[in-house]
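Remarks on the structure that follows.
In the text below, chain A, chain B and the rest are named by the order of the sequence lines, each starting its count at 1. Remember, it's a predicted structure, so these values are computed and weren't measured experimentally.
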Protein chains: 2
Amino acid sequence: MLEGKWKLVILFHLFGGRVLRFSELERAIPAISQKMLIQQLRQLESDGIVRRIVHPEVPPRVEYRLTDWGQSLCPALDALLQWAERRPDA
Amino acid sequence: MLEGKWKLVILFHLFGGRVLRFSELERAIPAISQKMLIQQLRQLESDGIVRRIVHPEVPPRVEYRLTDWGQSLCPALDALLQWAERRPDA
DNA sequence: CGGCATCCCAGGTGATACTG
DNA sequence: CAGTATCACCTGGGATGCCG
């Protein structure tokens with residue numbers, strides 16, 4: 001599945017300040033494997049784009065949200081989407 | 001080398017209406033393998049972003065340039081670069 | 001010059017099972 | 001629930017050599 005695309009899919013689910021649990025992301029992106037989801041989230045976290053919030057509870061609860069910097073990526077991605085929609089033919 | 005990044009590197013070399021021969025691209029991007037360069041150029045071509053121009057000469061000459069649509073990607077990528085430069089810490 | 005064919009191997013992936 | 005561990009597979013990608 002060429003890894004890279006998943007980061008974008010995850011970002012789109014988190015834009016707008018949405019806070020999602022791990023299992024919510026799994027359900028929101030059925031085509032991704034658990035391993036891939038964790039891997040991409042960890043990379044986004046170490047890139048400072050996503051923040052991982054662990055709630056010390058039983059059962060465990062882990063939430064993911066964008067950092068301010070990650071949220072600021074939204075306009076640039078919108079520019080890309082608008083470009084893609086202006087596609088000429090096929 | 002995770003393939004994906006090379007498309008961007010190629011695009012940056014072609015922005016501004018520059019027309020480059022295959023061997024010029026090879027020299028401009030020393031870290032890319034020939035196979036990868038061809039592969040990425042072909043994908044960009046089939047995506048309608050790059051135009052491949054074969055001059056029927058001996059010795060052969062093949063030039064690459066952006067399509068109008070490819071050129072219109074420049075502002076969106078600039079938005080991305082500006083976002084990257086606004087990176088907070090490390 | 002431009003680029004396709006072949007060989008070959010590292011490591012990326014998915015499936016599965018287990019844990020705090 | 002939210003992961004980690006293990007393993008076997010298989011494709012992506014580099015290196016090399018040949019062709020029009």
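Here the P atom of nucleotide C:dG3 and the CG atom of B:Leu37 are 9 Å apart, to the nearest Å. Rounded to whole Å, the distance from CZ on B:Arg27 to P on C:dC1 is 8 Å. The distance from atom NZ of B:Lys35 to atom P of C:dC4 is 12 Å, rounded to the nearest whole Å. Rounded to whole Å, the distance from CD on B:Glu26 to P on D:dA15 is 13 Å. Rounded to a whole Å, the CE atom of B:Met36 is 17 Å from the P atom of C:dA5. Taking atom CD on A:Gln40 and atom P on C:dG12, their separation rounds to 12 Å, with Å as the unit. Straight-line distance from the CD atom of A:Gln39 to the P atom of D:dG3: 14 Å, rounded to whole Å. Atom CD1 of A:Ile32 is separated from atom P of C:dG12 by 16 Å (rounded to the nearest Å).
Listed pair A:Arg42 / D:dT4 meets the phosphate criterion, a side-chain N or O lying under 4.0 Å from OP1 or OP2. Checking the phosphate oxygens (OP1, OP2) of C:dG2, no side-chain nitrogen or oxygen of B:Arg61 falls inside 4.0 Å. Side-chain nitrogen and oxygen atoms of A:Arg21 include at least one within less than 4.0 Å of the OP1 or OP2 phosphate oxygen of D:dA2. When the side-chain nitrogen and oxygen atoms of A:Ser33 are compared with OP1 and OP2 of C:dG14, one or more of them lie within a distance under 4.0 Å.
Not counting sequence neighbours, the partners of B:Glu26 by the side-chain contact (heavy atoms from CB on, under 4.5 Å) test are B:Phe22, B:Ser23, B:Gln34, B:Leu37.
Just one of B:Leu14, B:Ile10, B:Leu73, B:Leu44 meets the side-chain contact (heavy atoms from CB on, under 4.5 Å) condition when paired with B:Leu66; it is B:Leu14.
The listed nucleotides are C:dG2, D:dC1, D:dG3; the one nearest the side chain of B:Val62 is C:dG2.
Residues from residues 47-57 of chain A lying near DNA chain D, meaning a heavy-atom separation below 4.0 Å, are A:Arg52 in numerical order.
Side-chain atoms of B:Arg87 never come within 3.5 Å of backbone atoms of B:Ala84 as a donor-acceptor pair (strictly under, hydrogens ignored). Checked by atom type and distance alone, the side chain of B:Arg52 never pairs as donor or acceptor with a backbone atom of B:Leu41 at under 3.5 Å. In terms of modelled atom types and a separation under 3.5 Å, the side chain of B:Thr67 and the main chain of B:Arg51 share no donor-acceptor contact.
Rounding to the nearest 0.5 angstrom, the gap separating the CD atom in A:Gln82 from the CG atom in A:Leu77 is 11.5 Å.
Among the atoms of the strands shown, base atoms are found under 4.0 Å from some heavy atom of A:Gln34.
Within the structure, salt bridge (Lys or Arg N to Asp or Glu O under 4.0 Å) pairs that include any residue of residues 60-71 of chain B comprise B:Glu57-B:Arg61, B:Arg61-B:Glu63 (at least two apart or interchain). Sorted by first and then second residue, the salt bridge (Lys or Arg N to Asp or Glu O under 4.0 Å) pairs with a member in residues 27-39 of chain B form an empty list; sequence neighbours excluded. Residue pairs that meet the ring pair (Phe, Tyr, Trp, His ring centres under 6.0 Å) test with at least one member in residues 32-82 of chain A, sequence neighbours left out, are A:Trp69-B:Trp83.
End-to-end axis angle for the helix from C:dC1-D:dG20 to C:dG20-D:dC1, using five pairs per end and rounding to 10°, comes out at 50°.
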